[in-house]
Structure formats: structure tokens, C-alpha cells
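Working notes, structure below.
Sequence lines set the chain letters: A, B, ... in the order given, protein chains first and strands last, and positions in each chain run from 1.
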Amino acid sequence: MTPFAKKVYRAVLKIPIGEVRSYKWVAGKAGRPGAARAVGQILKRNPYPLIIPCHRVVKADGKPGGYLRGSEFKQRFLNLEREISKILTIK
DNA sequence: ATCATGACTAATG
DNA sequence: CCATTAGCCATGA
């Protein structure tokens, strides 16, 4: 676990349910604006799958981005989160 | 120290 | 909307 990785995960954990942020956004929060690509590397080697909401991190252009096996699951999961947050009125 | 590797980005055709 | 292109950067070998 590198210090940069820590910051990245810390930032990702802050993303509210039903919302998404770009890799770039995370990079900035991690103190290294422009390291969006590196962020991908970190999430890719995610030590705690399912604990870290890496599915809420998408590309800057809105596309799903990557995920285990592909991005299909990611896309659907985000929809579910949006709905549940709406129903339960979670910010 | 050097080099290759992407779950990226912004610009262009 | 899709493809290409050059720039970017932490990591690991």
C-alpha cells in the first residue's frame, strides 16, 4: 500500500451512494491532478474489492470505464445505487 | 535509474 | 458516435 494509493482509496470512499466521480476528480483529491491514469492503476489493483466503491469512479466523458471482466456490471450497479438512494432518500 | 504498462483525458477527424 | 493521437503518471520489474 503506497501513500498515493491510500489517498486514492480515501477519496473514493467519500463518494456518496448513487453518485459518480471521474478518475481525474479522484486524482485531484489524491493531491496529484493529472494522474488520472495512475488512479486507474491503483483501483485496478484494488486490495479490497467491494469494500472500496470503485464502481462509482467513471471516465471524464461519462463512459463506465473499466471493471472486473468489463464494464457491464458496473453500469447496472450504478443504476441500482441511484434508485436505492432515491427511495431511501440518502444523499 | 530506466522502461513498459494501463480501469485516463482532451482534442481532432 | 467511433477511432486515433499525444500527453500524463504512479507502479513494478
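With B:dT9, B:dA7, C:dC9 as the choices, the nucleotide that has an atom nearest any side-chain atom of A:S22 turns out to be B:dT9. Closest contact between the side chain of A:A35 and the listed nucleotides B:dT9, C:dT11, C:dC9 involves C:dC9. Checking C:dA10, B:dC8, B:dA7 against the side-chain heavy atoms of A:K59 singles out B:dC8 as nearest. Nearest to the side-chain atoms of A:Y67 among the listed nucleotides B:dT9, B:dA7, C:dG12 stands B:dA7.
The distance between atom NZ of A:K7 and atom C1' of C:dC9, rounded to the nearest whole Å, is 15 Å. A:K6 places its NZ atom 18 Å from the P atom of C:dA10, with the value rounded to the nearest Å. As rounded to whole Å, 14 Å separates atom C1' of C:dT11 from atom CE of A:M1. Here the C1' atom of nucleotide B:dC8 and the CD1 atom of A:I42 are 13 Å apart, to the nearest Å. We find that OH of A:Y23 is positioned 17 Å from C1' of B:dA10, with the value rounded to whole Å. Protein atom CG of A:N46 is 14 Å distant from nucleotide atom P of C:dT11, rounded to whole Å. Atoms OH (A:Y9) and P (B:dA7) sit 14 Å apart, rounded to a whole Å.
Within the 4.0 Å cut-off from OP1 or OP2 of C:dA10, at least one side-chain nitrogen or oxygen of A:R32 is found. The side chain of A:K63 contributes no N or O atom lying less than 4.0 Å from OP1 or OP2 of C:dC1. For A:K24, no side-chain nitrogen or oxygen approaches OP1 or OP2 of B:dC8 to under 4.0 Å.
Contacts of A:F4 with the nucleic acid, taken as non-hydrogen atoms under 4.0 Å apart, involve only primed sugar atoms and P, OP1 or OP2. When heavy atoms are screened at a 4.0 angstrom cut-off, A:A5 is found touching the sugar-phosphate backbone but no base atom.
Tracing side-chain contacts under 4.5 Å through hydrophobic residues (I, L, V, M, F, W, Y), one reaches A:V12 starting from A:W25; they form part of the same cluster.
Looking at A:P16 and A:R21, their side chains come closer than 4.5 Å, going by heavy atoms from C-beta outward.
A:Q41 and A:R37 are not linked by any side-chain donor-acceptor pair at a separation below 3.5 angstrom, with hydrogens and angles left out of the test.
Taking for each of A:P33 and A:R45 the nucleotide of DNA chain C with the nearest heavy atom, the 5'-most of the two is the partner of A:P33. Place A:Q41 and A:R37 on DNA chain C by their nearest nucleotides, and A:R37 ends up nearer the 5' end.
Proximity of a side-chain donor or acceptor of A:Y23 to a complementary backbone N or O of A:G65 within less than 3.5 Å is not detected. In this structure, A:R32 contributes its side chain and A:A27 its backbone to no donor-acceptor pair below 3.5 Å.
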